[in-house]
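Just so we're clear, the structure is a prediction, and the values are computed from it rather than from any experiment. Just so it is clear: chains get the letters A, B, ... in the order the sequence lines come, proteins before strands, and each one is counted from 1.
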Amino acid sequence: MSLGALPGFRDFYPADLAERAHIFATWRDVARRYGFVEYDGPPLEPLDLYTRKSGDEIVGQLYNFTDKGGRDVALRPEMTPTLARMVAARANAQRKPVRWFSIPQLFRYERQQRGRLREHFQLNLDIIGESGVTADAELLAAAVDIMRAFGLGPADVVARVSDRRLLQAYLAAAGVPEPALPAVFAVIDKIDRQPATVSAEKLDALGVGPGARDAVLAIGSATWAAISAVLAGAGHAGLVADFERYLRALDALGAGAFVRVDLSVVRGLAYYTGIVFELFDAKGELRAICGGGRYDTLLKSLGGVDLPALGFGMGDVVLGELLRSRGLTTWQSSGIDVWVAIGDAGDVTDAMRVAARLRARGRSVEYSLGGQKLARQLKAANAAGAREAVILGAPGAASGEAVVRRLDDGTEQRVRLDAWIGDATPPASNHQPPATT
RNA sequence: GUGACCGUAGCUCAAUUGGUUAGAGCACCGGACUGUGGCUCCGGGGGUUGUGGGUUCAAUUCCCAUCGGUCACCCCA
C-alpha cells in the first residue's frame, strides 16, 4: 500500500465522485434559491493571512512551507480570511448585503479521525453588511433547507441555536463572576464530552459559587422560557426581544421545527459575537454537520473594512456519512441511455455512425469497442446500465431498419432507423433512482 | 503531538489458538447453454498475510520497530 493516498486525503473513484457531485449540486441549488452567488479564491495563501487572526500556534495545524521565492505560504485551512480580503477590496462597489457562497477544498494538518480528514470540501455561505437578526434567521434557514433538499427532516437533524451575549448575560445573572466568564465558556464548550464531576471541579476552581455552578451545569437543558425569564428579570429585556424576533423569523421561514435553543453551544472561543448555531444529527452519533454564526468584528480585524457579517461552514465528510447512514444515496448512476449493438449483417462502422448521431442529440451512448458476438454485446449493455439497445443488421432486417430492445423487460420493436434517431431527445434528468438488478 | 485497540484478495471474512502449496462469498475477466442480456454451470486472474527485523525446525499466529486505520485527548476555521 505504499502507493496509497496520503493519510487523511481521499481518492475519489467514480462512485465517490458521484456522491461528491450530488452534494455540491444540492448545495449550489439551495444557495441559488436564497440568492447567494458563488465565488472562489486561491487554495494557497500567505501564511500570515491566518496567523494574523489566530496567532502563531495555528501553524502547527497548517500545511505551510516556504515557496521558491522565499514566501511563507499555507494551503487554506478556512475560507473566511480570503472572503474578508476579497470583500474588503471591493466593499464600496458591492450591493449590500452581500450574499456569497463558495465550496473550497480546505486543508489542516491534524491526526485524522472519522468525519475529520486532512482535506475536505466545505460549503461556506456568508452574509455581509446586515446586522439585524433577520439575516441570522435567513442564514440558518438556508442551512436547514439544505438538509431538506438532501431528504433530511427534523427527526434526522437538529439545529441548536445560542447567542454569545445571551449566554454571558445569563451566566452573570446566575452569579458567575465577570473575570471567570471566558474560562467558564471553555467548560461549557466541553460539557457534553466530559463527566459532570470534572466540569463541576473546574467551575469550583474558577471560584464559581455552588448556585451558579449548578446553573452552568444545567445550561444545556434550560428551556427558552426559563432563560428568558431570568434575563428579563436581570434587565436584559432588549436582548430577549431580539432573540425572540430571531425565533419568530425562523418559524416564518419554515425552519422552526428544526430549531432548539441551547445556550451550551459556544462554537469555539474566538471571534463569534452574537447568534451562533450548529447542526447535529438527531441521534448524536456523528460530529457536527454544520456550524456558524455572527462575527461582526472579524472583517475589520482581518481586512480593514468594518462591516457586520455572519456565515456558516458545512463540510462534505460528515454530511456524506449521515446521508449514507440514512440510506439517502440517490446519487447512484443510472447508466447510459443507449447501447448500439451489431448483429450478423452489421458492421462496426455502422454502430459508430449511429452512436455519433445519437451523441450529437445529447444521448449517452456506448457500443462494443472490441468485436463481440451479440449475446456478449447485450450482456455488456446490461452491465453498463443501458435502458435500451438498438440492434443493427439483425437477420432479415431491411435496409434502414433496426430493432430497438428495451433492456428492462426485453420487448422489441422494429423501427426505421432515421426516424428513430430523429425522435431521440436528451434525457430529462441524470439523477434517476438507482436501477436495481 | 499523547494514549488505547486493530491491520489477511478490490469488498466482507476464514485458516483446527505455531505446522506443509493462506481459502470462501461478492466483484472482475473468460467459457458453456451453438449467435438476443439478467438465471445456472465451469474456469481464470488477483495476496511478499501493511512493511522491516527478531524468536523458532517451522510465524498469518509470538516479540520489537515502523507505516496505516479506528477511538479518546488536543483542536475545531
Position toward the 5' end of RNA chain B (nearest nucleotide), A:L6 or A:F107: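 Result: A:L6.
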
Most 5' of A:P7 and A:R287 on RNA chain B, judged by nearest nucleotide: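 Mapping each residue to its closest nucleotide by heavy atoms, the 5'-most match is A:P7.
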
Could you tell me how far [M] sits from [N] if I compare only their [atom1] atoms? Round to whole Å.
N	M	atom1	answer
B:G53	B:A59	P	13 Å
B:U49	B:A15	C1'	11 Å
B:U70	B:C11	P	14 Å
B:A65	B:C26	C1'	36 Å
B:G50	B:C73	P	30 Å
B:C5	B:A9	P	23 Å
B:A24	B:G68	P	33 Å
B:A22	B:A58	C1'	15 Å

Where [X] and [Y] come nearest, the two heavy atoms and their spacing:
X	Y	result
A:I342	A:L374	O-CD1, 3.9 Å
A:L217	A:S199	CD2-CB, 3.7 Å
A:I219	A:D262	O-OD1, 4.4 Å

Parallel, tilted or perpendicular, as decided by the 30° and 60° cut-offs, for the rings of A:W224 and A:F243: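 Answer is tilted, since the angle falls between 30° and 60°.
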
A:W100 and A:Y39 aromatic ring geometry - parallel, tilted or perpendicular at 30°/60° bounds: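 Taking A:W100 first and then A:Y39, their aromatic rings sit tilted (interplane angle of 30° to 60°).
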
Sugar-phosphate only, base, or nothing, as touched by A:G8 at under 4.0 Å among non-hydrogen atoms: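 Result for A:G8 = sugar-phosphate.
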
Starting at [atom1] of [X] and ending at [atom2] of [N], how long is that distance when rounded to a whole Å?
X	N	atom1	atom2	answer
A:H120	B:C75	NE2	P	18 Å
A:F277	B:C76	CZ	P	18 Å
A:Q112	B:C6	CD	C1'	14 Å
A:Q61	B:C73	CD	C1'	13 Å
A:R118	B:C76	CZ	P	17 Å
A:F185	B:C76	CZ	P	15 Å
A:E110	B:U70	CD	P	14 Å
A:L47	B:A77	CG	P	19 Å

Any A:Q113 side-chain N or O less than 4.0 Å from OP1/OP2 of B:A72: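 Checking B:A72 against A:Q113, a side-chain N or O does come within under 4.0 Å of OP1 or OP2.
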
Geometric cation-pi criterion [X] and [Y], 6.0 Å radius, 45° cone:
X	Y	result
A:R260	A:F280	no
A:R118	A:Y109	yes
A:R76	A:F107	no

Side-chain donor-acceptor contact under 3.5 Å, A:T82 with A:E45: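 Short answer, yes.
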
Presence of donor-acceptor pair under 3.5 Å, side chain of A:R116 and base of B:C76: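 Donor-acceptor pair under 3.5 Å: yes.
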
Side chain of A:R111 - closest among B:U70, B:C75, B:G35: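 Comparing B:U70, B:C75, B:G35 against the side chain of A:R111, the answer is B:U70.
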
Candidates B:A77, B:G68, B:A32 - which lies nearest the side chain of A:K373: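 It is B:A32.
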
Under 4.0 Å protein heavy-atom contact, by nucleotide of nucleotides 36-47 of chain B - B base, S sugar-phosphate only: BBB---------

Watson-Crick and G-U pairing of RNA chain B, under 3.5 Å, as dot-bracket with | and [ ]: (((((((..((((.....[...)))).(((((.......))))).....(((((..]....))))))))))))....

Student check: side-chain heavy atoms of A:F36 and A:D126 closer than 4.5 Å: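 Result no, sub-4.5 Å side-chain heavy-atom pair not found.
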
Of A:Q105, A:R108, A:Q112, the residue whose pairing with A:E119 passes side-chain hydrogen bond (donor to acceptor under 3.5 Å, both in side chains):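 Of all the options given, the one that passes is A:Q105.
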
